[in-house]
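A short worksheet on the structure shown next.
Excluded from the calculations below are hydrogen atoms, water molecules and symmetry mates; all remaining heavy atoms, backbone and side chain alike, are included.
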Amino acid sequence: REGTTTPQSGSTSWTGFIKSISSFSGDLSSLTAPPFILSPTSLTEYSAYWVSDPALLVAPASISDPEQRAVAVLKWFISTLKQQYSSRNEKMGSEKKPLNPFLGELFLAKWPIAGTESALELASEQVSHHPPVTAYNITDTDKTVKLTGYNGQKASVSKTLAITIKQVGHAILEFPKLNESYLITLPALHIEGLVSGSPYVELDKHTYVVSSTGFVSKISYSGKGWLSGSKNSFTANTWHKDSPKKILYAAEGQWTGSFHILDSHKKEVASHDPATVPHPTPVVADIASQDPLESRRAWQKVAEGVKKGDMDLVGHEKTIIEESQRQLRKREKEEGREWTRRYFDRLDKDPVFERLASCVGEQAEPDKTGGIWVAKATKAL
Ligand code: CLR
């Protein structure tokens with residue numbers, strides 16, 4: 001373990017932190033973590049994890065068979081999990097506590113798509129502060145693919161000091177030219193390695209990928225000691241909603257490693273090895289030319305403080321942001337209006353979600369995310 005990024009177990013501040021966890025309830029952003037477990041990155045940036053290899057996200061659009069497309073979407077989805085849930089401990093030696101975005105905060109990024117003139121563009125926006133909710137829209141220049149979603153987290157701490165997190169929200173993947181859409185539900189997770197001082201994420205329960213063509217995939221997650229002996233394990237099954245007992249495809253493996261998708265004759269139809277696929281980092285404008293609401297610009301000084309371990313600077317700069325946010329909310333209240341979200345609209349009900357979710361009995365919880373967030377139709381990225 002990298003001793004520079006993770007504390008020695010038993011160090012005073014870590015022990016203090018562990019103790020503080022036991023008395024914490026609800027909103028994770030209110031947890032005061034010791035400096036070495038703070039990340040200089042805001043949660044609005046995490047939306048970029050949906051893109052690991054841009055080619056994998058656009059790939060299904062050029063497959064003509066709907067069943068094969070469903071397999072390609074499943075492959076893409078599983079391939080994003082490593083980035084979403086384990087890239088931080090890989091890069092920084094442990095999971096870290098992200099900066100808590102302010103209302104209206106933006107993270108805008110792009111990825112060129114290899115071998116094409118097209119690029120994927122991301123608009124991620126903090127659409128709610130209480131509770132914290134981030135929405136995102138990712139689409140390519142030719143509008144062959146569109147991934148849009150929103151999420152918030154509900155955290156709780158068990159008696160054994162395990163932090164468990166339920167995600168609220170979902171993602172919708174669309175291939176507009178094919179008139180096809182997919183619902184993607186979000187995994188529950190918990191933090192392991194807390195007592196030893198090197199926290200990391202383990203996924204729990206299951207998620208669905210449901211296609212408007214009727215193909216449904218269920219991905220079940222299990223950590224060490226359950227179904228399989230290795231951590232980050234999953235199994236996945238695909239069927240058609242008209243014959244749910246007939247398993248068409250199955251996959252199992254580790255979401256942090258390579259995996260294979262097999263048909264009912266155990267013939268491999270798709271495989272993925274994270275070590276062999278390109279993994280371009282998103283292109284983000286220089287801080288100087290960013291909008292003041294853009295994450296890296298707004299948090300620049302706080303991030304500097306976090307990187308230097310200068311908690312006075314962090315505290316001072318955070319207070320400046322919080323104070324200006326308080327002023328904004330106060331003015332809005334006085335003027336009887338609310339903050340205008342730049343890229344997203346709030347719905348009470350989303351018919352696209354309802355139709356797909358009914359296949360797997362999922363329900364939206366708009367009361368927990370201040371609504372259902374969908375990309376504004378007219379807003380060009
Ligand atoms: C945010 C949405 C992304 C997937 C994702 C991955 C990791 C999660 C993160 C979400 C939310 C915040 C999170 C993080 C892991 C740890 C962190 C739960 C769901 C908490 C706030 C940190 C707690 C502090 C410990 C490190 C001690 O698509």
Side-chain angles (χ1 to χ4, degrees), residues 26-29 43-44 46-47 49-50 70 73-74 76-77 80-81 84-85 101 103-104 122-139 145-156 164-176 179-190 203-221 239 241 244 338-377 379:
D27 186 348
L28 278 174
S29 57
L43 261 188
T44 53
Y46 285 34
S47 306
Y49 292 139
W50 284 104
V73 169
L74 175 64
W76 158 76
F77 170 71
T80 66
L81 296 173
Q84 296 260 22
Y85 301 105
L103 181 60
L122 160 73
S124 176
E125 179 172 4
Q126 194 69 8
V127 290
S128 169
H129 185 65
H130 283 302
V133 179
T134 311
Y136 49 88
N137 186 35
I138 300 171
T139 188
V145 62
K146 183 176 161 206
L147 176 75
T148 163
Y150 64 99
N151 66 14
Q153 297 87 38
K154 275 250 152 296
S156 58
T164 59
I165 292 130
K166 181 180 175 269
Q167 297 196 71
V168 272
H170 56 257
I172 304 270
L173 174 66
E174 272 175 90
F175 297 103
N179 204 7
E180 187 168 291
S181 47
Y182 292 78
L183 165 68
I184 295 159
T185 65
L186 307 172
L189 53 105
H190 68 269
L203 298 182
D204 297 317
K205 304 197 176 150
H206 58 261
T207 62
Y208 291 106
V209 178
V210 185
S211 172
S212 56
T213 57
F215 295 100
V216 179
S217 297
K218 179 178 184 177
I219 304 97
S220 304
Y221 306 97
W239 62 87
K241 71 173 167 49
E338 69 168 309
W339 176 262
T340 313
R341 280 75 176 169
R342 195 180 290 186
Y343 295 100
F344 299 91
D345 280 327
R346 183 206 319 258
L347 297 180
D348 298 327
K349 235 182 166 73
D350 174 11
V352 180
F353 170 81
E354 298 292 325
R355 206 183 56 234
L356 296 168
S358 66
C359 298
V360 288
E362 291 279 312
Q363 248 136 33
E365 300 175 287
D367 51 314
K368 295 196 174 119
T369 50
I372 291 172
W373 298 93
V374 296
K376 282 190 180 162
K379 189 82 189 179

Is P187 close to Q167 at the side-chain level, that is, under 4.5 Å between some pair of heavy atoms?
yes

Any idea which heavy atoms bring K241 and C359 closest together, and the distance?
CD-SG, 3.5 Å

Considering only heavy atoms from C-beta outward, does the side chain of S181 approach that of L356 to under 4.5 Å?
yes

Specify the closest pair of heavy atoms between W239 and P244, including all atoms of both residues, with the distance to one decimal.
CD1-CA, 3.5 Å

Please give me the minimum heavy-atom distance between Q126 and T44, naming the atom from each residue.
OE1-CG2, 3.7 Å

Smallest separation among heavy atoms of Q153 and L43, with atom names:
OE1-CD1, 3.8 Å

Looking only at side-chain N and O atoms, does T207 offer a donor or acceptor that is under 3.5 Å from a partner on T185?
no

Working to the nearest 0.5 angstrom, can you tell me the gap between L183 CG and Y208 OH?
10.5 Å

Donor-acceptor contact below 3.5 Å, side chain H129 vs main chain P101:
yes

Just jot down the ring-ring contact (aromatic ring centres under 6.0 Å, His included) partners of F77, sequence neighbours excluded, or say none.
none

Indicate yes or no: at least one non-hydrogen side-chain atom of L147 is less than 4.5 angstrom from one of W76.
yes

Could you state the interatomic distance from OH (Y182) to CG (L74), rounded to the nearest 0.5 Å?
10.0 Å

Would you say W373 and R346 make side-chain contact, with heavy atoms under 4.5 Å?
yes

Apply side chain to side chain contact (heavy atoms under 4.5 Å, CB included) to S47 and T134, showing your working.
CA-CA 8 Å; S47 306; T134 311; 3.8 Å; yes

L81 versus Y221: any side-chain heavy-atom pair under 4.5 Å?
yes

So, for A135 and F344, which heavy atoms are closest and what is the spacing to 0.1 Å?
C-CZ, 3.6 Å

Between side-chain atoms of residues 360-369 and protein atoms elsewhere (two or more places apart, or another chain), which donor-acceptor pairs fall under 3.5 Å?
| from | atom 1 | to | atom 2 | distance (Å) |
| --- | --- | --- | --- | --- |
| E365 | OE1 | K166 | NZ | 2.8 |
| E365 | OE2 | K368 | NZ | 2.6 |
| T369 | OG1 | G371 | O | 2.7 |

Rounded to the nearest 0.5 Å, what separates atom CZ in F353 from atom CG in L347?
12.0 Å

L189 and L203 have their tightest heavy-atom pair at CB-CD2, 4.0 Å

Quick one: pull up OH in Y49 and OG in S124 and give me the separation to the nearest 0.5 Å.
11.5 Å

Which value, rounded to the nearest 0.5 Å, describes the distance between S212 atom OG and L173 atom CG?
10.0 Å

Pairwise distance CD1(I184) to CH2(W50) - rounded to 0.5 angstrom
5.5 Å

